[in-house]
Amino acid sequence: MQPTPEEDPVNSADSAPALRKRHGNGPVFFVIATVFAVLCAVGWGYSVMNYSGLGGGVYHQVVSYSVPSADEAAITYEVNSRGGADCLITALDDQHVEVGQTRSSVQAGNRMVSTTVDTVRQASTVEVASCREQGSQD
């Protein structure tokens with residue numbers, strides 16, 4: 001004989017006590033889940049800060065650039081660093097191919113820097129490819 005819906009343990013009203021037996025009456029499951037969620041949020045925030053450079057390091061921003069001739073490009077940029085910085089400047093043509101590069105050393109503090117890049121052909125863009133703290137390479 002088939003069990004009626006009243007006799008079926010899955011559909012019965014007594015399923016709530018079974019859950020209480022399995023997970024307990026206390027808030028232990030809720031507390032563990034909350035602690036896990038907080039740790040994940042803090043870890044995610046920390047990783048995002050370090051990935052985007054908000055955790056410290058060198059900040060740079062291009063102020064202006066110009067291309068006065070086919071074999072030279074000029075750039076003015078701002079750098080803020082604690083212990084000086086070593087920056088890589090690249091010049092790109094209209095197809096985004098690198099046509100020239102140079103390195104520039106910057107003193108500590110907030111500095112405005114102007115430099116030129118020798119190019120092999122006409123550049124259309126000049127950018128600061130990277131800046132890093134001086135003395136970090138051993």
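When a residue number appears, it is its place in the shown sequence, counting from 1.
- Put simply, the side chain of Q134 never gets that close to the backbone of S105: no donor and acceptor are under 3.5 Å apart.
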Can you check side-chain contact (heavy atoms from CB on, under 4.5 Å) on T90 and V117, steps first, answer last? CA-CA 7 Å; T90 59; V117 180; over 6 Å; no
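- Atom CG of residue D93 and atom OG of residue S124 lie 6.0 Å apart, to the nearest 0.5 angstrom.
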Checking V79 against C87 for the side-chain contact (heavy atoms from CB on, under 4.5 Å) test, could you report, in this order, the C-alpha distance in whole Å, the side-chain angles of both residues, the deciding distance, and whether it holds? CA-CA 9 Å; V79 178; C87 297; 4.0 Å; yes
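- No path of Ile, Leu, Val, Met, Phe, Trp and Tyr side chains, each step under 4.5 Å between heavy atoms, connects V126 with L88, placing them in separate hydrophobic clusters.
- Between the CG atom of D71 and the CG atom of D118 there is a distance of 7.0 Å, given to the nearest 0.5 Å.
- Contact annotation: the side chain of V106 never approaches that of H60 to less than 4.5 Å [non-hydrogen atoms, C-beta and beyond].
- In the hydrophobic cluster analysis, where Ile, Leu, Val, Met, Phe, Trp and Tyr join through side-chain heavy atoms closer than 4.5 angstrom, V58 is grouped together with V113.
- Here the closest non-hydrogen pair linking A74 and P68 is N-CD, 4.3 Å.
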Are N110 and Y59 close enough, and set up right, to give a side-chain contact (heavy atoms from CB on, under 4.5 Å), and what steps lead you there? CA-CA 9 Å; N110 192 13; Y59 303 100; over 6 Å; no
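- With values rounded to the nearest 0.5 angstrom, T119 atom OG1 is found 11.0 Å from L92 atom CG.
- Going from atom CD1 of I75 over to atom OG1 of T116 covers 11.0 Å, rounded to the nearest 0.5 Å.
- Atom OH of Y77 sits about 13.0 Å away from atom CD of E127, to the nearest 0.5 Å.
- Residue-environment remark: CD (Q107) stays at or below the threshold of 12 foreign heavy atoms within 6.0 Å.
- Atom CE in M112 sits 8.5 Å away from atom CD in Q61 (nearest 0.5 Å).
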